[in-house]
Amino acid sequence: MPKEKATTRKSAKTADKSAGGKKKKDPNMPKRGLSAYMFFANDQRDKVRDDNPGIKFGEVGKQLGEKWKALNEKQKAPYEAKAAADKKRYEEEKAAYTAKGADEDEEEED
DNA sequence: CCCCTGATTGTTACT
DNA sequence: AGTAACAATCAGGGG
């Protein structure tokens, strides 16, 4: 199993060990679909802020985090469902990307 | 064939 | 505009 690390993917990236940056970002790389957490945050963000009026983002994020884990599979179900729906969206982009985006030129009708 | 790592998404608030 | 913890998730490369 992967070692859960406080990876700040951005800037500091998750490189603390010999990771070796390979992976190349393709030109038409479709942005992955959102995660269940994204949808969860979208719904709870308002609730959490209402429960913790005036709290900063840091608190909200942590609250959301532990609450998210507190949810049962059925609670996450609707969020995962949306995530899956978005993922499907991504699949389409990815398919198109892997299909021709490989070298095909992008023609944008202006 | 299997594991891991990097990259990406969205929230809000601050700088 | 970018970054900060929070969690998820995928795709590809390397062993």
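The chains referred to below are lettered A, B, ... by the order of the sequence lines, with proteins before strands, and numbering in each begins at 1.
- As rounded to whole Å, 11 Å separates atom P of B:dT9 from atom CE of A:M38.
- Sequence order on DNA chain C of the closest nucleotides to A:E80 and A:Y37 puts A:Y37 first from the 5' end.
- The stretch residues 47-68 of chain A touches DNA chain B through A:R49, A:F57, each having a heavy atom under 4.0 angstrom from the strand.
- Distance CG (A:D43) to P (B:dT12): 12 Å, rounded to an integer number of Å.
- The backbone N or O of A:M38 sits less than 3.5 Å from a side-chain atom of A:N42, completing a donor-acceptor pair.
- A pairwise comparison of heavy atoms in A:A36 and A:A83 identifies N-CB, 3.4 Å as the closest pair.
- For B:dT11, one of the phosphate oxygens OP1 or OP2 lies less than 4.0 angstrom from a side-chain nitrogen or oxygen of A:N42.
- Aromatic ring centroids of A:F39 and A:Y79 lie 6.0 Å or more apart.
- Residue pairs meeting the salt bridge (charged side-chain N to carboxylate O under 4.0 Å, His left out) criterion with at least one member in residues 68-91 of chain A, sequence neighbours excluded: A:K87-A:E91, A:R89-A:E92.
- Put simply, the side chain of A:R32 does not reach to within 4.5 Å of the side chain of A:K94, judged on heavy atoms.
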At a cut-off of 3.5 Å, list every protein nitrogen or oxygen paired with a nitrogen or oxygen from nucleotides 10-12 of chain C, distance to 0.1 Å.
{"unit_1": "C:dA11", "atom_1": "OP1", "unit_2": "A:K94", "atom_2": "NZ", "d": "3.3"}

- [ ] Report the C-alpha separation of A:N72 and A:Q75 in whole Å, then their side-chain angles, then the decisive distance to 0.1 Å, and conclude whether the side-chain contact (heavy atoms from CB on, under 4.5 Å) test is met.
- [x] CA-CA 5 Å; A:N72 301 311; A:Q75 328 296 309; 3.5 Å; yes
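- The heavy-atom pair separating A:L64 from A:R45 by the smallest distance is CD2-N, 4.0 Å.
- The main-chain N or O of A:A85 is never found under 3.5 Å from a side-chain atom of A:Y90 such that the two would form a donor-acceptor pair.
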